[in-house]
Amino acid sequence: MPLHEGKRSLDVVVFPGSFDPLTKGHSDLVHRALRYFDRVVVAVLSNSKKSTLFTPDERVDVIREVFADQNGRVEVQHFSGLLVEFAQRVGTRAILRGLRAISDYEYEAQMAIMNRHLSSEVETFFLTSRAEYSYISSSLVREVALLGGEITPFVPPAVEAAVHAKVKQIKRTKE
Ligand code: ADP
């Protein structure tokens with residue numbers, strides 16, 4: 001089928017993740033996706049079995065703050081259950097994920113193939129990390145922050161403030 005006959009579906013892309021917390025690697029992906037999609041819906045996984053530093057509400061709030069200057073082109077929502085169903089509710093068939101290194105590939109490919117299996121119309125679009133952000137992960141940011149290290153180069157300012165507040169709160173409850 002010629003391309004122009006296909007139904008265009010580049011309006012919205014869903015970017016799912018834990019974002020505990022959102023890093024500059026994540027925000028760079030969102031900004032780059034906005035060059036190709038009209039809107040990005042950041043979908044914060046809220047039923048993760050992993051223990052997290054931030055509650056889903058805290059993560060949603062801080063990500064909204066990070067993208068407040070994007071004139072509504074970045075929406076932030078909670079998400080639980082099947083991603084393909086969430087994408088359907090949002091009205092898109094496009095999912096965005098990031099690849100930092102070959103080590104990300106196996107898990108990401110498995111998920112993309114499973115999601116296409118669950119809904120044959122859904123496609124996962126991968127953006128490779130910018131070289132300078134390829135070593136950044138939420139888990140490293142959490143570790144460094146909890147040990148009192150500097151996280152300014154790794155996270156947007158709003159996230160840095162939220163992480164500092166959270167670390168202070170944790171230290172206070174331990175005293
Ligand atoms: P999940 O728990 O679903 O992997 P994450 O918040 O860790 O959620 O990551 C969400 C997506 O962002 C994943 O596709 C991950 O590979 C990607 N990602 C994470 N860190 C970076 C980074 N520094 N650069 C580019 N992509 C990244």
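In this text, all values refer to a predicted model and were calculated from it rather than measured experimentally.
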Trainee: I'd like to know if the side chain of Arg130 reaches the main chain of Leu29, judged simply by a donor and an acceptor atom lying under 3.5 Å from each other, with no hydrogens or angles considered.
Mentor: no

Trainee: Using modelled atom types and a 3.5 Å cut-off, is there a donor and acceptor pairing between side-chain atoms of Arg32 and backbone atoms of Thr128?
Mentor: yes

Trainee: Starting at CG of Leu53, measure out to CZ of Arg142 and round the result to the nearest 0.5 Å.
Mentor: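 So the gap between those two atoms works out to 7.0 Å.
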
Trainee: Show every donor-acceptor pair shorter than 3.5 Å between a side-chain atom in residues 109-117 and any protein atom, with sequence neighbours excluded, or say none if there are none.
Mentor:
unit_1	atom_1	unit_2	atom_2	d
Asn115	ND2	Met111	O	3.3
Arg116	NE	Glu123	OE1	3.4

Trainee: With a 4.5 Å cut-off on side-chain heavy-atom distances among I, L, V, M, F, W and Y, is there a chain of contacts connecting Leu118 to Val122?
Mentor: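 Same hydrophobic cluster.
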
Trainee: Quick one: does Arg59's side chain have a donor or acceptor within less than 3.5 Å of a partner on Val44's backbone?
Mentor: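 No; zero donor-acceptor contacts below 3.5 Å.
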
Trainee: Please round to the nearest 0.5 Å and tell me the distance separating atom OG of Ser46 and atom CD of Gln77.
Mentor: 11.0 Å

Trainee: Should we say atom CD of Glu58 is surrounded by more than 12 heavy atoms from elsewhere, each under 6.0 Å from it?
Mentor: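 It does: Glu58 CD has more than 12 such atoms within range.
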
Trainee: With heavy-atom distances below 4.5 Å as the criterion, would you say the side chains of Val163 and Val155 are in contact?
Mentor: no

Trainee: Roughly how far, to the nearest 0.5 Å, is CG of Leu45 from NE2 of His78?
Mentor: 11.5 Å

Trainee: Has Gln169 got more than 12 heavy atoms of other residues, nucleotides or ligands less than 6.0 Å from its CD?
Mentor: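 Above 12, so yes.
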
Trainee: Can you tell me how far the CG atom of Asp20 sits from the OG atom of Ser139, to the nearest 0.5 Å?
Mentor: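 Asp20 atom CG to Ser139 atom OG measures 9.5 Å (nearest 0.5 Å).
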
Trainee: Are any non-hydrogen side-chain atoms of Arg100 and Glu108 less than 4.5 angstrom apart?
Mentor: no

Trainee: Going from CG on Asp28 to CD1 on Ile136, what distance comes out if it is rounded to the nearest 0.5 angstrom?
Mentor: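 It is 9.5 Å, given to the nearest 0.5 Å.
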
Trainee: Nearest heavy-atom pair of Phe154 and Val141: which atoms, and what distance?
Mentor: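 Minimum heavy-atom separation between Phe154 and Val141: CB-CG2, 3.9 Å.
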
Trainee: Heavy-atom distance under 4.5 Å between the side chains of Val167 and Lys171, does that happen here?
Mentor: yes

Trainee: Phe19 and Tyr135: same hydrophobic cluster, using ILVMFWY side-chain contacts below 4.5 Å?
Mentor: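 Same cluster: Phe19 reaches Tyr135 through Ile, Leu, Val, Met, Phe, Trp or Tyr contacts under 4.5 Å.
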
Trainee: What's the separation between atom NE2 in His164 and atom CD1 in Ile151, rounded to the nearest 0.5 Å?
Mentor: 5.0 Å

Trainee: Looking at Asp104 and Gly98, what are the two nearest heavy atoms and their distance?
Mentor: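 The pair with the smallest heavy-atom distance is OD2-O, 4.3 Å.
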
Trainee: Of all the heavy-atom pairs spanning Ala94 and Val12, show the shortest one and how long it is.
Mentor: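 In this case the closest contact between Ala94 and Val12 is CB-O, 3.8 Å.
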
Trainee: Taking the side chain as every heavy atom from C-beta outward, state whether Pro153 and Glu132 have any atom pair closer than 4.5 Å.
Mentor: no

Trainee: Linking Ile, Leu, Val, Met, Phe, Trp and Tyr through side-chain heavy atoms less than 4.5 Å apart, which residues share a cluster with Leu99?
Mentor: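 Joined to Leu99, directly or through intermediates: Phe126.
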
Trainee: Can the ring centres of Phe37 and Phe125 be said to be less than 6.0 Å apart?
Mentor: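 Under 6.0 Å, so yes.
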
Trainee: Mind checking whether Phe79 and Arg89 have side chains closer than 4.5 Å, heavy atoms only?
Mentor: no

Trainee: Is there side-chain contact between Asp11 and Thr92, with heavy atoms separated by less than 4.5 Å?
Mentor: no

Trainee: When hydrophobic residues are tied together by side-chain contacts of less than 4.5 Å, even through go-betweens, does Ile170 share a cluster with Leu140?
Mentor: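 Different clusters: Ile170 never reaches Leu140 through Ile, Leu, Val, Met, Phe, Trp or Tyr contacts under 4.5 Å.
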
Trainee: Answer whether the closest heavy-atom distance between the side chains of Leu22 and Val62 falls below 4.5 Å.
Mentor: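 No - every pair of side-chain heavy atoms lies 4.5 Å or more apart.
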
Trainee: Between the main-chain N or O of Val76 and the side-chain N or O of Arg64, is there a donor-acceptor pair closer than 3.5 Å?
Mentor: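 Yes; at least one donor-acceptor contact below 3.5 Å.
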
Trainee: Should Glu65 and Asp61 be marked as a side-chain contact (heavy atoms from CB on, under 4.5 Å) after you check the CA-CA gap, both sets of side-chain angles, and the distance that decides it?
Mentor: CA-CA 6 Å; Glu65 203 180 325; Asp61 287 349; over 6 Å; no

Trainee: Centre-to-centre under 6.0 Å for Phe67 and His31, is that the case here?
Mentor: yes

